[in-house]
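Okay, so here's the structure we're looking at.
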Amino acid sequence: MKAAVVVFPGSNCDRDLAVAFEQAGFEVSMVWHKDSALPEGVDIVGVPGGFSYGDYLRCGAIAAQSPICQAVVEHTKRGGYALGVCNGFQILTETGILPGALLRNAGLKYICRTVDLKVATADSAFTQGYSVGDEIGIPIAHHDGNYFADAETVKMLQDQDRIAFTYAENPNGSVADIAGILSENRRVLGMMPHPERAADDGHGGTDGTAMFRALSGIFANA
């Protein structure tokens, strides 16, 4: 099982994400933003949180134009798996891999705390370790985590069961309380909360562990 974690200037959760994958049994490669190709045989790409390129322009907008992101786009077009967390979610929307956009938090303040998420679907490689309706505690740390999409897109996400997680109490103004969404083929997940920060007892919670274990099971049995 092979995972690649992309590293941008300003990434600050790349190592956390790599450790979470490693603890679930993955062999992890760190991939620099100027690389033009992913390692051979990669099963899943992790696009981490942080402040890629200092969050100049829009969050994730510059990163989305990097050579490695073009490779990530091609990887997902071929049916490859990807997980974008926080800034990684912003990057996945900027590349067009996922619909919608992440706007400034409704309260115009940076938020850093653990929040309760509701599992909205268990029908994906990422969420199959949970049950629909489960509430899990996952940290957030963002200033631009307010998910927005037009009414037609939100209805499409709802009708296609592509909303992965919602906030139990919306901290940032996200439409329909959305905290994470899936791609049309359900092989890409973008979410603002940080499951990799809830994957070790030393973090004060392990509710994110089931995601990485579920992914491990998918690829181990493939």
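Positions are given from 1, in the same order as the sequence printed here. Computed from a prediction, not measured in an experiment: that's the story for all the values here.
- Rounded to the nearest 0.5 Å, atoms CG (N12) and SG (C86) are 8.5 Å apart.
- Between F8 atom CZ and I68 atom CD1 the span is 8.0 Å, to the nearest 0.5 Å.
- To the nearest 0.5 Å, atom CG of residue L157 and atom CG of residue L98 are 9.0 Å apart.
- Side-chain atoms of Y130 do not come within 3.5 Å of backbone N or O of I136 as any donor-acceptor pair.
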Practice task
Mind running side chain to side chain contact (heavy atoms under 4.5 Å, CB included) on T166 and L117 for me, showing each step along the way?
Solution key: CA-CA 6 Å; T166 59; L117 302 183; over 6 Å; no
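- In terms of hydrophobic clustering, with Ile, Leu, Val, Met, Phe, Trp and Tyr side chains grouped at heavy-atom distances under 4.5 Å, V132 and Y167 are assigned to different clusters.
- Between V42 and A4 the shortest heavy-atom distance is CG2-CB, 3.9 Å.
- Within the 3.5 Å criterion, the main-chain N or O of P48 finds no donor-acceptor partner in the side chain of D14.
- Criterion: ILVMFWY side-chain heavy atoms under 4.5 Å apart, direct or through other members. Under it, I44 and V19 are not part of a common hydrophobic cluster.
- A 4.5 Å side-chain heavy-atom check between L102 and F148 finds every atom pair outside the cut-off.
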Practice task
Apply side chain to side chain contact (heavy atoms under 4.5 Å, CB included) to R162 and I181, showing your working.
Solution key: CA-CA 6 Å; R162 288 171 54 190; I181 62 171; 5.6 Å; no
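- For the pair V31/P39, a side-chain contact is recorded, criterion being any heavy-atom separation below 4.5 Å from C-beta on.
- Listed for the S216 side chain is no donor-acceptor partner under 3.5 Å among the backbone atoms of F212.
- Rounded to the nearest 0.5 Å, atoms CG (N172) and CD1 (I140) are 6.5 Å apart.
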Exercise for the section: Could you walk me through whether E169 and D116 pass side chain to side chain contact (heavy atoms under 4.5 Å, CB included), step by step? Expected result: CA-CA 7 Å; E169 293 185 11; D116 289 333; over 6 Å; no
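- Here the closest heavy-atom approach between residue A20 and residue E196 is recorded as CB-CB, 4.0 Å.
- A distance-only check finds a donor-acceptor pair linking the side chain of D43 to the backbone of K2 [under 3.5 Å].
- Under a 3.5 Å cut-off, the side chain of R187 and the backbone N or O of G79 do form a donor-acceptor pair.
- Remark: aromatic rings of Y81 and H75 are distant, center separation not under 6.0 Å.
- Across all non-hydrogen atoms, the minimal contact from G129 to A214 is N-CB, 4.0 Å.
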Problem - Criterion side chain to side chain donor-acceptor pair (under 3.5 Å) on T127 and S124, from CA distance to verdict - result: CA-CA 5 Å; T127 58; S124 79; 2.7 Å; yes
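- No side-chain heavy atom of Y147 sits less than 4.5 Å from a side-chain heavy atom of L103.
- S183 contributes a side-chain N or O that, together with a main-chain N or O of V188, makes up a donor-acceptor pair within less than 3.5 Å.
- Within the 3.5 Å criterion, the main-chain N or O of A64 finds a donor-acceptor partner in the side chain of Q70.
- For the residue pair D177 and N170, a side-chain donor N or O sits within less than 3.5 Å of a side-chain acceptor on the partner.
- Residues L215 and F26 have side chains in contact (heavy-atom distance under 4.5 Å, counting atoms from C-beta outward).
- Between A106 and G173 the shortest heavy-atom distance is CB-CA, 3.9 Å.
- Between the CZ atom of R186 and the CD atom of Q128 there is a distance of 11.5 Å, given to the nearest 0.5 Å.
- A 4.5 Å side-chain heavy-atom check between V47 and V85 finds every atom pair outside the cut-off.
- Under the 3.5 Å distance criterion, the side-chain polar atoms of D207 are left unmatched by any main-chain donor or acceptor of I138.
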Problem - Verdict with supporting geometry, M211 and M191, side chain to side chain contact (heavy atoms under 4.5 Å, CB included) - result: CA-CA 12 Å; M211 178 181 298; M191 60 186 296; 3.7 Å; yes
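- Side chains of T95 and V72 form no contact here, defined as non-hydrogen atoms less than 4.5 Å apart.
- Contact annotation: the side chain of N87 never approaches that of F51 to less than 4.5 Å [non-hydrogen atoms, C-beta and beyond].
- Taking both residues in full, the closest heavy atoms of L182 and A164 are given as CG-CB, 4.2 Å, listed atom of the first, atom of the second, then distance.
- Between the side chain of D35 and the main chain of A37, no donor-acceptor pair closer than 3.5 Å is present.
- Ion pairing between K118 and D134 fails under the 4.0 Å rule for side-chain N and carboxylate O.
- Taking the side chain to side chain donor-acceptor pair (under 3.5 Å) definition, one finds that H143 meets it with R104, sequence neighbours left out.
- No side-chain heavy atom of H33 sits less than 4.5 Å from a side-chain heavy atom of P67.
- Judged by distance alone, with hydrogens and angles left aside, the side-chain atoms of S11 form no donor-acceptor pair with the main-chain N or O of C13 at under 3.5 Å.
- Rounding to the nearest 0.5 Å gives a distance of 12.0 Å between CZ of F21 and OG of S29.
- Under a 4.0 Å N-O distance rule, the pair R58/D144 does not qualify as a salt bridge.
- Shown here for C59 and E94, the closest heavy-atom pair between the two residues is O-CG, 3.8 Å.
- Side-chain contact of N105 with Y110: a donor-acceptor pair under 3.5 Å is absent, judged by distance alone.
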